[in-house]
Protein chains: 2
Amino acid sequence: MSMQERKQRERAERERLIVATARELAEQQGWDAVTTRRLAEFIEYSQPVLYSHFRGKREIIGAVATQGATEMAAAVRAATATADSPRARVTALTRTYLDFAARNPAVYDALFLLDGGLAYAREDTPEPLKDAFAALLECLAEVAGDGVHPGLFTEVFWACLHGIAALTRTGRLLPEDAESRVELLVDRLAVL
Amino acid sequence: MSMQERKQRERAERERLIVATARELAEQQGWDAVTTRRLAEFIEYSQPVLYSHFRGKREIIGAVATQGATEMAAAVRAATATADSPRARVTALTRTYLDFAARNPAVYDALFLLDGGLAYAREDTPEPLKDAFAALLECLAEVAGDGVHPGLFTEVFWACLHGIAALTRTGRLLPEDAESRVELLVDRLAVL
DNA sequence: CACTGAACCTAGCACCGCTAGACAATCGAG
DNA sequence: CTCGATTGTCTAGCGGTGCTAGGTTCAGTG
C-alpha cells in the first residue's frame, strides 16, 4: 500500500508547511496578520483544509509554540554546556533565553503570551514544554541555594526572565540596559 | 452659560460610564467579550457614540489601564506606608502588586499585556503610569544595594513581579506556591 | 462499469472594528 | 421670529475575522 503511505507523507508535509508558514508570517507581520484566509492562500489550499489538520487557529499557534519550545530547550542546553562555571552557565542561560525571545518574538508570543490551547504545569503538558522547563532546571538547580526547592527556584527565575522578555517586547522596558539587567538578575538570584 | 456646562458634565459622565462598563465587562467575561457593539448596548447608546469619546477600542483599553495605574500606585503606597522595616515594606509591595494583578486581571491585562496605545518608559508617558513606577521606586530604592542604580533595580524588580503575575494569570504557574515565590524573590533581590 | 468514500472547494454564517451619510435638535445672526 | 449652521445621534454598511455546511470531483473497489 504505497499509495496510502504517499498520501500520509504528503499530508504530514502539508501540516509542516502550515506551521512553518504561520510562523514565518507571524514573525514577519505579527500574529494579527496570521488569518486563516491568508494562511490558506500562502499554502495554496482553501481555508477548510486548515481545519482538517487543526481544530482552529488556536491549535496552529500551539503547534508553533511546541516547535519553539523544542528549539529553546536545545538553545539553552547548547549555551550552558560550553560554560565551565556555575556563574557562566547561569549567565549563558539568561542571555540565551532573552536572546531567543528577542530574535523570535512571534514564537515567544505563541509560547508565553498567546493562547495556544496548551496545558502548562500539568501532567498532560506537552513533552516539549516540560523539556524546555527541564532544560532550565538542569542548569539552575545547582545555584538554587541550600534549602530552596530547585523547582520553585526555577519557576521564579523563569518568571523573572519572562517578565524582562515580555516587558521589553512590548516596549515597556528599553532595550538599552538589557545587559545591566542580566548582570543584576544573575548576581542577586543565583547562589554562587 | 449653564447650558453648555451641563452638557459638558453629562458628556464627561458618559465617558466615565464607558470606561467603567468596559472595565466591568472585561473583568467579568474577558477583554474578548468587550466589543464595541456590546459596550454600546450596555451604555444604551449607538456604537458611533463611542468614537466621539475615543479613537477606537484601543483607547478605551488605554483609559482602563491609566485608571488601573492610579489605583495600583495608591495600593502600593498604602501598603508600604504601614510597614516599619525595609524588608516588611518590600514584602508588602510584592504582595500588593501580585494581589492587585490577581484581583483585577482585566485591568492588569490592559496595563501590561494588551495594547492600549500608551507610551511606556518615555517622556510622553501618561502621568499615572509614571506615578505607578514612582510608587515602586520610592519603596525599592532603599533596598537596591550599593552602586546599583535605583531605577535599574526597580525595573528588574518590576519585571520579576510582572513575570510572576503574567505566568500565574495565564495558568503557566500554579497559584499554590505564590507565597513561597514572594519570599524567595524578596530574600534574593532586595539588599537588606 | 457502478458505487463508495475521501479530499477539496465554494459559499455563507455570525461576528468584529470602524465610518459615511441621513436626520433631528439646538444655537446664533439678521 | 425666522432661518442657516452647528451639534449630537442614529441607521446602515464596508471590509474583515474564525469557522462550517453542503456540494463536487476523483481515486479505489466489488
Side-chain angles (χ1 to χ4, degrees), chain A residues 1-19 21-23 25-26 29-65 106 109-110 113-118, chain B residues 1-19 21-23 25-26 28-65 106 109-110 114-118:
Chain A
M1 280 300 133
S2 171
M3 180 69 203
Q4 287 190 1
E5 284 175 16
R6 198 208 67 203
K7 286 210 167 183
Q8 279 195 350
R9 246 192 351 241
E10 286 177 354
R11 211 184 133 70
E13 175 54 34
R14 193 173 60 184
E15 189 159 318
R16 272 197 298 277
L17 180 62
I18 292 172
V19 176
T21 306
R23 176 174 176 167
L25 192 51
Q29 311 197 58
W31 276 106
D32 280 350
V34 183
T35 70
T36 54
R37 272 171 243 273
R38 248 194 290 262
L39 202 46
E41 198 184 346
F42 266 97
I43 65 166
E44 294 178 313
Y45 281 94
S46 74
Q47 236 180 325
V49 165
L50 300 174
Y51 293 84
S52 73
H53 288 274
F54 302 96
R55 281 179 184 279
K57 190 183 173 181
R58 174 186 303 199
E59 257 192 19
I60 297 177
I61 296 175
V64 172
D109 285 356
L113 238 49
L114 302 175
D115 178 11
L118 303 175
Chain B
M1 280 300 135
S2 172
M3 181 69 200
Q4 288 190 1
E5 284 176 16
R6 199 208 67 201
K7 286 210 168 184
Q8 280 194 350
R9 252 202 333 260
E10 285 177 353
R11 211 182 133 72
E13 176 53 35
R14 194 173 60 184
E15 190 158 317
R16 271 196 301 275
L17 180 62
I18 292 172
V19 176
T21 306
R23 176 174 176 168
L25 192 52
Q28 280 174 9
Q29 313 197 51
W31 277 106
D32 280 351
V34 183
T35 70
T36 53
R37 272 171 245 271
R38 250 194 287 263
L39 203 45
E41 198 183 344
F42 267 96
I43 66 166
E44 294 178 313
Y45 281 94
S46 73
Q47 236 178 326
V49 165
L50 300 173
Y51 293 85
S52 74
H53 289 273
F54 303 96
R55 282 179 184 278
K57 190 183 171 180
R58 175 185 303 201
E59 258 192 19
I60 297 178
I61 296 174
V64 172
D109 285 355
L114 303 174
D115 178 10
L118 304 175

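What you see is a predicted model, and the numbers here were worked out from it, not measured in a lab. Here is the naming used below: chain letters follow the sequence lines, and residue numbers restart at 1 for every chain.
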From [atom1] of [X] over to [atom2] of [N], roughly how many Å is that when rounded to an integer?
X: Phe54(A); N: dG18(D); atom1: CZ; atom2: P; value: 15 Å
X: Tyr51(B); N: dC10(D); atom1: OH; atom2: C1'; value: 15 Å
X: Arg9(B); N: dG8(D); atom1: CZ; atom2: P; value: 15 Å
X: Ile18(B); N: dT9(D); atom1: CD1; atom2: P; value: 10 Å
X: Glu41(B); N: dC16(C); atom1: CD; atom2: P; value: 10 Å
X: Asp32(A); N: dG17(C); atom1: CG; atom2: P; value: 13 Å
X: Asp115(A); N: dG18(D); atom1: CG; atom2: P; value: 14 Å
X: Leu50(A); N: dT10(C); atom1: CG; atom2: P; value: 14 Å

Before giving the answer on side chain to side chain contact (heavy atoms under 4.5 Å, CB included), spell out for Ile60(A) and Leu39(A) the whole-Å C-alpha distance, their side-chain angles and the decisive distance to 0.1 Å. CA-CA 11 Å; Ile60(A) 297 177; Leu39(A) 202 46; 3.9 Å; yes
Does a salt bridge link Arg38(A) with Glu41(A), judged by any charged N lying under 4.0 Å from a carboxylate O?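 Between Glu41(A) and Arg38(A) there is no salt bridge, as every charged N stays at least 4.0 Å from the carboxylate O atoms.
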Do Glu10(B) and Lys7(B) meet the salt-bridge criterion of a basic N to acidic O distance under 4.0 Å?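 No, no charged N to carboxylate O under 4.0 Å.
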With a sphere of 6.0 Å drawn around CD of Glu44(A), does it hold more than 12 non-hydrogen atoms of other residues, nucleotides or ligands?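 No, CD of Glu44(A) has 12 or fewer neighbouring heavy atoms, counting only those of other groups under 6.0 Å.
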Taking CZ in Arg58(A) as the centre, count heavy atoms belonging to other residues, nucleotides or ligands within less than 6.0 Å. Is the count above 12?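 12 or below, so no.
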Both Ala33(A) and Arg55(A) contact DNA chain D. Which one's nearest nucleotide lies toward the 5' end?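 So the residue in question is Ala33(A).
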Could you walk me through whether Ile18(A) and Tyr45(A) pass the side chain to side chain contact (heavy atoms under 4.5 Å, CB included) test, one step at a time? CA-CA 10 Å; Ile18(A) 292 172; Tyr45(A) 281 94; over 6 Å; no
Once rounded to the nearest 0.5 Å, what's the spacing between atom NZ of Lys57(A) and atom CG of Leu50(A)?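 CG of Leu50(A) is found 11.5 Å from NZ of Lys57(A).
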Sugar-phosphate only, base, or nothing, as touched by Arg38(A) at under 4.0 Å among non-hydrogen atoms: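 Sugar-phosphate, no base atom in range.
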May I ask you to evaluate whether Arg37(A) reaches the phosphate of dT17(D), defined as a side-chain N or O under 4.0 Å from OP1 or OP2?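 Yes.
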Ignoring backbone atoms, establish whether Thr36(A) has a side-chain N or O less than 4.0 Å from OP1 or OP2 of dC19(D).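 Negative; the distance criterion is not met.
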What I want to check is whether an N or O donor and acceptor connect the side chain of Gln47(A) with the base of dC9(C) at under 3.5 Å.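 Donor-acceptor pair under 3.5 Å: no.
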Table of protein N/O atoms under 3.5 Å from nucleotides 4-8 of chain C N/O atoms:
from	atom 1	to	atom 2	distance (Å)
dC8(C)	OP1	Arg14(A)	NH1	3.2
dC8(C)	OP2	Arg14(A)	NH1	3.1
dC8(C)	OP2	Arg14(A)	NH2	3.1

